Amino acid sequence: MCPDALRELRDATRGTLAEVIGRTPVALLDHPHYFNAGDHLIYSGTLAYLGALGCSVDYVCAPHTYDADLLERRVPTGPILLQGGGNFGDRWPMHQRFRERVVADFPHRRIVHLPQSFDFTDEEALRATRAVYEKHPDLTILIRDRRGTERAADAFPTADVRFCPDLAFGAVVAPPADPVTDVVVLARRDAEAVDRPPTLRPSEEQVDWSLGLSANAQWWTSAALEAAAWRVPGLRRPAYPLARAAMDLRTALNLDAACARLGRGRVVVTDRLHGGVLAALLGRPVFLVDNVNKKVSAIHRDYLGSLPDVTLATDFADAMDRARARVAAGVRS
């Protein structure tokens with residue numbers, strides 16, 4: 001990766017975050033309690049940006065461990081931040097309902113949606129969200145692509161809507177090990193997938209976000225202990241430091257596994273946005289395939305495509321042809 005391109009992207013992001021957050025204690029809500037390493041990459045990048053701004057992150061929670069009273073005790077002033085990503089809208093309703101609950105619970109606090117993609121397809125769902133958001137006097141919504149920023153500004157006229165690059169680019173990852181296979185294909189298997197990879201050759205392998213046996217055991221052990229403590233309201237306050245450590249552990253487990261998987265390939269092919277971001281951070285050439293809501297192509301158009309060795313293909317077949325040609329020509333990364 002070109003250090004200058006990444007530096008410029010990070011500088012622009014820090015500038016926007018400094019304007020809307022400042023240097024202050026913050027609460028960061030919606031920690032990813034699942035195996036999507038892309039969202040953990042965003043969380044890691046978010047902590048790095050906030051640290052660079054001089055913000056102390058004094059409360060973190062997942063939707064199922066949210067406690068409004070504990071938030072107020074730990075962060076009595078300063079903005080409440082909602083994790084960025086790709087679940088702002090009606091495609092992933094659990095996360096959207098959680099955001100609306102927080103907005104309704106804290107009309108007296110500044111709330112900042114960290115960079116998301118705007119993904120409403122149901123007009124009734126959009127009206128319901130707008131009805132909640134219009135009641136909040138100090139709501140900022142950051143959108144991670146420019147077309148989505150225009151749509152969100154039209155949809156939420158009472159909020160402060162701004163463009164801000166995805167926070168995953170703030171993450172710092174260790175250099176990968178030497179590659180052991182030609183092409184690693186990271187392919188979605190969820191509601192955002194629109195294409196499937198072709199048959200792979202022996203020197204290619206397909207993966208998705210997941211953990212190995214040891215990391216999986218650590219994940220579920222930490223999650224179980226955290227959940228047990230949260231079932232007893234009187235334990236939540238004293239147990240919070242351990243819960244925060246458990247969340248950070250699960251993020252580290254996810255990112256270590258993701259880096260190891262993508263690092264195996266000389267070239268990466270993926271329809272996961274953050275598969276592409278992580279491959280770029282690791283210095284691997286990557287060929288992207290768009291997903292169902294076009295967030296991959298939107299962010300590639302706005303800034304991801306300005307980084308070297310990040311190419312948008314028309315579909316998986318095209319991406320594989322390009323990746324194989326790159327391997328045949330000799331990969332330098």
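Computed from heavy atoms alone, side chains included, the values below leave out hydrogens, waters and symmetry copies. From a predicted model like this one, the values you see are computed outputs, not experimental measurements. For this chain, numbers begin at 1 and follow the sequence in order.
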S.K.: May I ask you to decide if Y303's main-chain N or O and S306's side chain share a donor-acceptor pair within less than 3.5 Å?
M.R.: yes
S.K.: Which pairs with one or both residues in residues 44-71 pass ring-ring contact (aromatic ring centres under 6.0 Å, His included), sequence neighbours excluded?
M.R.: H33-H64, Y59-Y240, Y66-F98
S.K.: Would you mind telling me which of T140, I141, L142 makes a side-chain contact (heavy atoms from CB on, under 4.5 Å) with D160?
M.R.: T140
S.K.: Nearest 0.5 angstrom please: I42 CD1 to L47 CG, how far?
M.R.: 12.0 Å
S.K.: Are F156 and H113 an aromatic pair, judged by ring center distance below 6.0 Å?
M.R.: no
S.K.: Is there a path of hydrophobic side-chain contacts, each under 4.5 Å between heavy atoms of I, L, V, M, F, W or Y residues, that connects F316 with V267?
M.R.: yes
S.K.: I want to know whether W209 and Y34 have ring centres closer than 6.0 Å.
M.R.: no
S.K.: Please lay out, stage by stage, how L17 and L114 fare under the test side-chain contact (heavy atoms from CB on, under 4.5 Å).
M.R.: CA-CA 9 Å; L17 295 177; L114 296 176; 4.3 Å; yes
S.K.: State whether D208 and R261 are salt-bridged, where the test is any N-O pair (Lys NZ or Arg NE/NH1/NH2 against Asp/Glu carboxylate O) under 4.0 Å.
M.R.: no
S.K.: Taking the side chain from S117 and the backbone from D119, do they hold a donor-acceptor pair closer than 3.5 Å?
M.R.: no
S.K.: Are any of the side-chain nitrogens in R144 or D166 under 4.0 Å away from the carboxylate oxygens of its partner?
M.R.: yes
S.K.: Looking at every heavy atom in both G275 and L262, which two are closest together, and how far apart are they?
M.R.: O-CD1, 3.6 Å
S.K.: Do L29 and V20 belong together in a cluster built from hydrophobic side chains that touch within less than 4.5 Å?
M.R.: yes
S.K.: Working to the nearest 0.5 Å, report the span between OG1 of T121 and CG of L126.
M.R.: 10.0 Å
S.K.: Looking at R146, is its backbone amide N or carbonyl O close enough to the side chain of D302 to form a donor-acceptor pair, meaning the two atoms are under 3.5 Å apart?
M.R.: yes
S.K.: Just by distance, do the side chain of Q206 and the backbone of A187 share a donor-acceptor pair under 3.5 Å?
M.R.: no
S.K.: Show your reasoning for whether side chain to side chain donor-acceptor pair (under 3.5 Å) applies to D271 and N291.
M.R.: CA-CA 6 Å; D271 60 349; N291 70 319; over 6 Å; no
S.K.: Determine, using the 4.5 Å side-chain heavy-atom cutoff (strictly less than), whether V103 and I21 are members of one ILVMFWY cluster.
M.R.: yes
S.K.: For H274 and H40, I'd like to know if the aromatic rings sit close, meaning centre-to-centre distance below 6.0 Å.
M.R.: no
S.K.: More than 12 heavy atoms of other residues, nucleotides or ligands under 6.0 Å from CZ of R23: yes or no?
M.R.: no
S.K.: Dump the intermediate steps for side-chain contact (heavy atoms from CB on, under 4.5 Å) on L281 and L6, then the final yes or no.
M.R.: CA-CA 9 Å; L281 292 176; L6 182 58; 4.1 Å; yes
S.K.: Salt bridge check: are D4 and R7 linked by an N-O gap of less than 4.0 Å?
M.R.: yes
S.K.: Of R127, R130, Q96, R91, which is the lone residue that meets side-chain contact (heavy atoms from CB on, under 4.5 Å) with F120?
M.R.: Q96
S.K.: Going only through I, L, V, M, F, W and Y residues with side-chain contacts under 4.5 Å, is there a path from V57 to V75?
M.R.: yes
S.K.: Under the criterion side-chain contact (heavy atoms from CB on, under 4.5 Å), I'd like the reasoning laid out for L282 against L278: C-alpha separation, chi angles, the key distance, then a yes or no.
M.R.: CA-CA 6 Å; L282 292 172; L278 182 56; 4.0 Å; yes
S.K.: For G263, does its backbone N or O pair with a side-chain atom of R284 as donor and acceptor, under 3.5 Å?
M.R.: yes
S.K.: Could you walk me through whether S56 and D58 pass the side chain to side chain donor-acceptor pair (under 3.5 Å) check?
M.R.: CA-CA 6 Å; S56 59; D58 294 339; 3.2 Å; yes
S.K.: State, to 0.1 Å, how close S210 and A257 come at their nearest heavy-atom pair, and which atoms those are.
M.R.: O-CB, 3.5 Å
S.K.: The test is side-chain contact (heavy atoms from CB on, under 4.5 Å); show your working for D145 and K295 and say whether it passes.
M.R.: CA-CA 8 Å; D145 68 278; K295 70 185 179 187; 6.0 Å; no
S.K.: Are L82 and L53 connected in a single hydrophobic cluster, I mean Ile/Leu/Val/Met/Phe/Trp/Tyr linked by side-chain heavy atoms less than 4.5 Å apart?
M.R.: yes
S.K.: Are any of the side-chain heavy atoms of I299 and V277 separated by less than 4.5 Å?
M.R.: no
S.K.: For D248, is there an ion pair with R244 - N to carboxylate O distance below 4.0 angstrom?
M.R.: yes
S.K.: Can you tell me how far apart CD (E72) and CG (D67) are? Round to the nearest 0.5 Å.
M.R.: 10.5 Å
S.K.: Taking the six-membered ring of F287 (Phe, Tyr or Trp), confirm whether the NZ or CZ of R322 is under 6.0 Å from its centre and within 45° of its axis.
M.R.: no
S.K.: At what distance, to the nearest 0.5 angstrom, does CG of D39 lie from NE2 of H31?
M.R.: 10.0 Å
S.K.: Where do D256 and N254 land on the side chain to side chain donor-acceptor pair (under 3.5 Å) test, with the steps shown first?
M.R.: CA-CA 6 Å; D256 287 348; N254 269 269; over 6 Å; no
S.K.: Check the pair D182, R266 against salt bridge (Lys or Arg N to Asp or Glu O under 4.0 Å), reporting the backbone distance first and the verdict last.
M.R.: CA-CA 5 Å; D182 285 342; R266 294 174 177 84; 3.0 Å; yes
S.K.: Does the side chain of V286 reach to within under 4.5 Å of the side chain of T311, using non-hydrogen atoms?
M.R.: no
S.K.: Would you name the heavy atoms of P79 and P25 that are closest together and state the gap between them?
M.R.: CD-O, 3.8 Å
S.K.: Once rounded to the nearest 0.5 Å, what's the spacing between atom CZ of R264 and atom CD of E204?
M.R.: 13.5 Å
S.K.: Mind checking the CG-CZ spacing from N216 to F35? Nearest 0.5 Å is all I need.
M.R.: 4.5 Å
S.K.: With side chain to side chain donor-acceptor pair (under 3.5 Å) as the test, would you mind laying out the steps for E100 and T129 before giving the verdict?
M.R.: CA-CA 7 Å; E100 292 169 14; T129 298; 2.5 Å; yes
